[in-house]
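One structure is given here, and the rest of the page talks about it.
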Amino acid sequence: MNNKNPLFEHQLLQTRRQFFGNVGLRMGGIAMASMMGPGLAAQAMGSEDPERVHPPLPGLPHFPAKAKSVIYLHMNGGPSQLDTWDYKPNLVKQFEKELPKDFLGDRITTMTSGQAKFPVAPSKYEFKQHGECGRWVSSLLPHTAKIVDDIAVIKTVHTNAINHDPACTFVMTGSEVSGKPSMGSWVSYGLGAETNNLPAFVSLVPNFPAGSNAQALYSRMWGPGFLPGKHSGVVLRAGAEPVLYLDNPPGVDRSDRRAMLDALGKLNAKGFSKFGDPDIQTRIAQYEMAYRMQTSVPELTDLSQETQATKELYGANVDKPGSFTQSALLARRLVERGVRMVQIMHRGWDSHGNLPVELGNQCMDTDQACAALITDLKQRGMLKDTLVIWGGEFGRTVYSQGKLTRERYGRDHHPRNFCMWMAGGGIKGGVELGETDEYSYNPITDPVHINEINATVLHCLGIDHERFTLRYQGLDQRLTGVEPMKVIKQILA
């Protein structure tokens with residue numbers, strides 16, 4: 001015989017807040033709401049616009065924003081700064097010479113720690129100056145070279161991590177420790193989005209060139225961590241079905257689906273009133289968003305309305321589902337429709353062995369589309385409101401990993417300095433920040449921590465990163481971590 005009391009069991013499941021609310025303390029809130037009036041009461045409850053699907057937190061942004069949306073072009077694997085942006089012409093004379101031990105230090109990966117020698121491998125690529133700013137750019141990036149007056153290149157970004165998984169987690173969440181919210185989730189949580197028919201945060205994972213050394217991607221790169229699940233990035237897949245199980249099954253039309261969701265919504269709302277589980281609210285919101293995406297996603301991915309000139313700007317693969325080229329165009333279409341943050345995770349940049357072939361393929365796959373995205377946004381008057389970021393999780397070593405010839409070399413991981421660029425909303429174009437030593441091994445001026453990149457992103461969105469916190473596990477958590485970080489004012493417009 002079961003002697004459990006259902007009422008007692010229900011009370012055990014209540015949170016402290018629910019208990020006090022149920023015994024009468026909610027009356028104070030009702031009285032205050034009546035004194036404040038409906039407008040202020042709605043704002044206090046974080047519902048300034050009850051029709052808005054992705055509302056911002058009350059009080060955000062902290063100050064007028066320069067950017068309304070973010071497109072993050074993440075080159076997963078660690079692009080070589082020596083072969084793209086950090087021009088070191090004197091290294092040609094150092095070919096095959098041993099890197100001085102004073103530079104080498106004692107923090108190298110196990111992949112090269114057993115090497116008897118650490119020979120200098122100068123870049124095989126030609127660098128030329130481009131734009132009115134005279135930026136030195138590798139021949140690997142002929143299209144990006146045409147937009148250097150619109151971008152700010154940061155040559156001295158550094159990170160704590162030396163291996164891919166913790167380094168990528170650091171770049172995307174501000175911490176090497178998994179379980180923290182991704183940048184896009186923080187932005188969605190704080191600012192919401194203008195769209196009512198698409199997620200606030202979308203992640204695209206395009207295909208990459210065959211033969212590339214690609215690393216695994218984990219959902220924490222776009223995950224919500226300890227934030228409500230509705231702020232997770234929604235991943236759009238390549239192919240005819242960008243979102244799995246979005247379409248109605250045979251025999252179910254939209255009116256049937258609507259009736260089912262309305263009934264589920266009522267049941268879930270009752271469950272939330274009893275238990276206060278935030279995952280129930282997430283479930284309600286995600287069901288509703290999936291219903292709306294049944295029409296918004298097909299419209300988003302239908303590129304037939306794009307002009308031929310626009311398609312040619314992005315490149316030959318623009319109509320190829322899953323290509324980086326198409327992903328870049330979709331990123332523009334997403335922010336155009338009010339999505340707050342779009343993240344493109346392009347894999348295959350981990351060039352340990354035959355860098356000239358591997359890096360060459362990566363640049364060929366992405367260069368034109370990256371430049372086209374900036375040009376397209378600018379032509380449409382959207383660049384001033386859209387912040388675009390390009391970069392990986394760390395750089396590469398000046399010494400060769402494995403066999404070295406003039407035409408073939410590899411490079412190991414290098415967290416001490418690497419290059420990123422930013423453009424658009426709030427960023428000054430045509431500037432370069434930071435300088436590295438003669439081996440591109442250490443910053444010598446203006447070192448920039450990866451969380452200072454994150455602080456600058458939030459600043460452009462009108463958010464003070466030090467005030468944008470959430471209490472979790474006894475700590476005021478931030479995207480930029482708990483250590484002091486500064487906004488990179490030298491690159492701000």
Side-chain angles (χ1 to χ4, degrees), residues 75 77-105 107-109 111-112 115-131 133-146 148 151 153-158 213 349-364 366-367 390-392 394-421 432-447:
M75 306 295 112
S80 168
Q81 77 282 2
L82 282 153
D83 298 278
T84 52
W85 294 103
D86 200 4
Y87 181 41
K88 299 296 180 185
N90 293 331
L91 287 182
V92 174
K93 302 174 184 177
Q94 300 290 325
F95 175 75
E96 215 171 14
K97 292 183 179 179
E98 189 77 3
L99 179 67
K101 291 184 179 180
D102 291 346
F103 285 89
L104 184 62
R107 194 180 185 213
I108 55 179
T109 75
M111 291 175 284
T112 52
Q115 289 188 181
K117 295 183 178 181
F118 296 90
V120 171
S123 176
K124 64 163 286 187
Y125 297 102
E126 181 183 10
F127 279 69
K128 290 184 179 180
Q129 289 180 287
H130 294 269
C133 62
R135 185 75 55 247
W136 288 100
V137 187
S138 164
S139 59
L140 284 171
L141 302 171
H143 296 279
T144 307
K146 298 175 183 177
V148 289
I151 68 178
V153 178
I154 308 164
K155 295 168 62 178
T156 49
V157 185
H158 62 96
N213 185 23
W349 293 81
D350 190 24
S351 304
H352 286 279
N354 192 359
L355 180 143
V357 170
E358 295 165 353
L359 183 61
N361 288 339
Q362 296 298 113
C363 291
M364 189 179 299
T366 60
D367 174 47
W390 180 99
F394 42 55
R396 315 301 298 194
T397 57
V398 67
Y399 62 80
S400 179
Q401 179 176 351
K403 184 178 180 180
L404 170 62
T405 70
R406 292 281 185 183
E407 296 298 318
R408 178 173 177 142
Y409 48 90
R411 299 194 192 278
D412 202 359
H413 306 168
H414 188 64
R416 298 186 191 183
N417 58 272
F418 57 104
C419 295
M420 297 182 68
W421 59 254
E432 180 180 87
L433 180 66
E435 195 54 68
T436 60
D437 60 36
E438 61 266 39
Y439 292 102
S440 187
Y441 214 78
N442 296 285
I444 55 175
T445 64
D446 299 305

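What you see is a predicted model; the values in this text were computed from it and never measured. Scope of the values below: all heavy atoms of this structure, side chains included, with no hydrogens, waters or symmetry mates.
- For the pair T144 and W421, the minimum side-chain heavy-atom distance is below 4.5 Å.
- Screening I154, V137, L140 against W85 for a side-chain contact (heavy atoms from CB on, under 4.5 Å) leaves a single residue, V137.
- A donor-acceptor pair under 3.5 Å is absent between the side-chain atoms of S400 and the main chain of A121, judged by distance alone.
- In this structure, CE in M75 is found 14.0 Å from SG in C419, a value given to the nearest 0.5 Å.
- For the pair T405 (side chain) and R408 (backbone), a donor-acceptor distance under 3.5 Å is present.
- Nearest heavy-atom pair across L82 and V398 is CD1-CA, 3.5 Å.
- Contact annotation: the side chain of L433 never approaches that of K155 to less than 4.5 Å [non-hydrogen atoms, C-beta and beyond].
- No donor-acceptor distance shorter than 3.5 angstrom exists from the side chain of N213 to the backbone of S351, with no hydrogens or angles considered.
- In this structure, M364 places its CE atom where only 12 or fewer heavy-atom neighbours from other residues, nucleotides or ligands lie under 6.0 Å away.
- With a 4.5 Å cut-off on side-chain heavy atoms, R406 and V92 count as touching.
- Counting only N and O atoms by type, the side chains of N417 and S440 include a donor and acceptor under 3.5 Å apart.
- Counting heavy atoms from C-beta outward, H413 and H352 have side chains that approach closer than 4.5 Å.
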**Verdict with supporting geometry, T112 and T397, side-chain contact (heavy atoms from CB on, under 4.5 Å)** = CA-CA 10 Å; T112 52; T397 57; over 6 Å; no

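- In this structure, H414 contributes its side chain and Y441 its backbone to a donor-acceptor pair below 3.5 Å.
- When atom types are taken as modelled, the side chain of Q129 and the backbone of W136 share no donor-acceptor pair closer than 3.5 angstrom.
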**Request:** Apply salt bridge (charged side-chain N to carboxylate O under 4.0 Å, His left out) to K93 and E438, showing your working.
**Result:** CA-CA 12 Å; K93 302 174 184 177; E438 61 266 39; over 6 Å; no

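- K88 has a carboxylate O that lies under 4.0 Å from a charged side-chain N of E435, or vice versa, which qualifies the two as a salt bridge.
- Judged purely by distance below 3.5 Å, without hydrogens or angles, the side chains of T156 and D446 never pair a donor atom with an acceptor atom.
- Side-chain contact, Y87 with S123: no donor N or O sits under 3.5 Å from an acceptor N or O.
- Counting all heavy atoms, side chain and backbone alike, T436 lies closest to I444 at O-CD1, 3.5 Å.
- At a threshold of 4.5 Å between non-hydrogen side-chain atoms, the residues K117 and E98 count as touching.
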**Message:** Apply ring pair (Phe, Tyr, Trp, His ring centres under 6.0 Å) to residues Y439 and F103 and explain how you reach the verdict.
**Reply:** CA-CA 8 Å; Y439 292 102; F103 285 89; 4.8 Å; yes

**Asked** Stepwise, does the salt bridge (charged side-chain N to carboxylate O under 4.0 Å, His left out) test hold for R135 with E432?
**Response** CA-CA 8 Å; R135 185 75 55 247; E432 180 180 87; 3.7 Å; yes

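- R411 places no side-chain N or O within donor-acceptor distance of the main-chain N or O of S80, the cut-off being under 3.5 Å.
- Each of D412, D350, D86 was evaluated against R396; a single residue qualifies, D350, per the salt bridge (Lys or Arg N to Asp or Glu O under 4.0 Å) test.
- Side-chain atoms of Y125 come within 3.5 Å of backbone atoms of P356 as a donor-acceptor pair (strictly under, hydrogens ignored).
- Of the possible donor and acceptor atoms, none in the side chain of Q81 sits under 3.5 Å from a partner among the backbone N and O of F418.
- How far NZ of K124 is from OG of S138: 10.5 Å, rounded to the nearest 0.5 Å.
- Checking side-chain atoms of Y399 against main-chain N and O of L104 turns up no donor-acceptor pair under 3.5 Å.
- Here the side chain of Q115 pairs a donor or acceptor atom with the backbone of G402 at under 3.5 angstrom.
- Contact check for P79 versus F394: no side-chain heavy atoms found under the 4.5 Å cut-off.
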